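Reviewing the structure listed below.
In listed order, ligands and their atoms are each counted from 1. For the numbers below, each heavy atom of this structure counts, side chains included, while hydrogens, waters and symmetry mates do not. For clarity, every value in this text was computed on a predicted model and none was experimentally measured.
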Amino acid sequence: MSDAKKKNGRSYIVRETSSGKEFELASRSGTTGPDVIDIRSLFTSHGLFTYDPGYGSTASCESKITYIDGDKGILMYRGYPVEQLAGRSSFIEVAWLLLYGELPTQAQLHEFDRSIRTHTMLNETILRLFNGFHYDAHPMAMVAGVVGSMSAFYHDTTDIHDPRHRDIFAHRIIAKLPTISAAAYKHSLGQPFTYPRNDLNYCSNLLHMFFAVPAEDYHIDPVAAEALDLLFILHADHEQNCSTSTVRMAGSSGANPYSAVAAGIAALWGPAHGGANEAVLKMLEEIGTVANIPKFIAKAKDKDDPFRLMGFGHRVYKNHDPRATIIRETCHKVLARLGRNQPLFDLALQLEEIALKDPYFIEKKLYPNVDFYSGVIYRALGIPKSMFTVMFAIARTVGWVAHWREMITDPEGRIGRPRQLYTGPTRRDYVDVSKR
Ligand code: CMC
């Protein structure tokens, strides 16, 4: 039994107020973070469910991958603070760490990097799938569809009970996501597809596939590749968020892992989740000038207006999002090093400053999240708005795969199947259509 599974000796008494009947629920401790009350026998022993829409107080699984303390603004991958990884590691090293639990040795890192570089090509038939999409299809729709189709091409990696299959799947999907994403981008432009180059590292290769054309040489800007690598480290995992929980849920049925990741991509697309980075840029463009900021802040505060300040607020972070802090600093550096004057960044800084002084945002603990500044960097790198959430998906694929692997090998794992509080009609008899 692992440390995290040990009962901690503490328990909680639940008392039914009208009858006074009581029962006890044991709690369990993780290595850090709040204890959890183990309610697994609640229904079988006491005929009760718990009610927690949005799962704000529910631990859906045990995990050893990522830890967040939302009040202190802490994010750690396998125990390593994200600030240290962002400053000193690389996306490929972080990918290994998330997948296998430890920092790789030099030999392991070299071999993993080689494996990822040599799995970048796509089966040519997959490339032909893109011709079935209209040129103006959203890239997220194309990427979700094509990733979903991968189980039809890579049968040799869909036996979820075979550790070797699971490994090859992991390397394949991490390696091929940039290629699929670049193909979606090229399709939307009507440009020929650019094949991957295995002599390039992960992010340089991505820039090459996005921006190179057969007609001329393309120079990869190392500043751009470095900035992308940093953004990918920050987006690589975020414990049981909506898309990761979707991957775990879809995978819990025993579905092939490509389908589970495709489900995660679909969930990520929503504006409350990964779609926020695209929505932030649209919002900044709509705001346009500093003079318009108060109008938009007022809209965000108006209960009768569905508008929200995109890139603000987080379910878990109630102090600051450590990723946003790093990305804000990176914005300054990247824009200066690329020699780009970015009026939208200045506008974002002003918007942040005004919002953070506003009592509404202070009281509700709404701070800029990871998506508030990431779009500004992507834009400076020449990546169009419609591709922002795809960039998030490329990085988060590592987290999805790490969680899927953990879920598949969890001895306590069961198919995900929540219960409900039913408030619909009680039993009634069918009435023939002639009598209605
Ligand atoms: N602008 C204005 N008001 C907000 C905002 C916002 N961005 N976010 C939350 N609120 C208000 C909300 O109206 C509610 O007010 P009240 O208590 O009076 O009803 C209160 O703050 C709590 O909000 P909630 O919706 O109950 O909080 P949640 O934990 O369910 O949602 C969130 C978190 C991220 C979905 C939400 O803050 C939001 O919609 N933010 C904008 C979208 C966004 O930036 N998403 C990216 C999240 S980070 C990256 C990722 O997860 O992929």
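No donor-acceptor contact under 3.5 angstrom links the side chains of Arg172 and His119, judged on distance only. Side-chain polar atoms of Asp38 and Ser27 form no donor-acceptor pair below 3.5 angstrom. Side-chain contact check for Thr31 and Tyr67: no donor-acceptor pair (N or O, by modelled atom type) lies under 3.5 Å.
For Tyr51, the OH atom counts as loosely surrounded, since its 6.0 Å shell holds 12 or fewer non-hydrogen atoms of other residues, nucleotides or ligands. Tyr360 OH: more than 12 foreign heavy atoms inside a 6.0 Å radius.
Looking at Val280 against ligand 1, nothing comes within 4.0 Å, counting heavy atoms. Of all the heavy atoms of Val370, the ones lying under 4.0 Å from any atom of ligand 1 belong exclusively to the side chain. Contacts with ligand 1 closer than 4.0 Å are made by no heavy atom of Cys242, backbone or side chain. With a 4.0 Å heavy-atom cut-off, ligand 1 is reached by the side chain of Lys364 but not by its N, CA, C or O. Under 4.0 Å from ligand 1, not a single heavy atom of Phe372 appears. When heavy-atom distances to ligand 1 are checked against a 4.0 Å cut-off, Lys303 comes that close only through its side chain, counted from C-beta outward.
Across the listed options His238, Met310, Lys299, Met310 owns the non-hydrogen atom lying nearest to atom 42 (C) of ligand 1. Looking at Arg396, Arg308, Arg315, Met283 and measuring to atom 24 (P) of ligand 1, the nearest heavy atom belongs to Arg308.
Between Glu352 and Lys357, none of the side-chain N atoms (NZ, or NE/NH1/NH2) sits under 4.0 Å from a carboxylate O, so this pair counts as no salt bridge. Checked for salt-bridge contact, Arg28 and Asp35 miss the test: no charged N lies under 4.0 Å from a carboxylate O. A salt bridge does not link Asp159 with Arg166: none of the charged nitrogens is closer than 4.0 Å to a carboxylate oxygen.
The distance criterion of under 3.5 Å between nitrogen or oxygen atoms is not met by Arg323 with respect to ligand 1. Of the polar atoms of Leu366, none of the N or O atoms is found under 3.5 Å from an N or O of ligand 1, judged by distance alone.
For atom 47 (C) of ligand 1, the nearest protein heavy atom lies under 4.0 Å away.
Heavy-atom proximity to Phe392, at under 4.0 Å, picks out these atoms of ligand 1: 52 (O). Interface atoms of ligand 1 facing Ala272, defined by a heavy-atom separation under 4.0 Å, are 35 (C), 45 (N), 46 (C), 47 (C).
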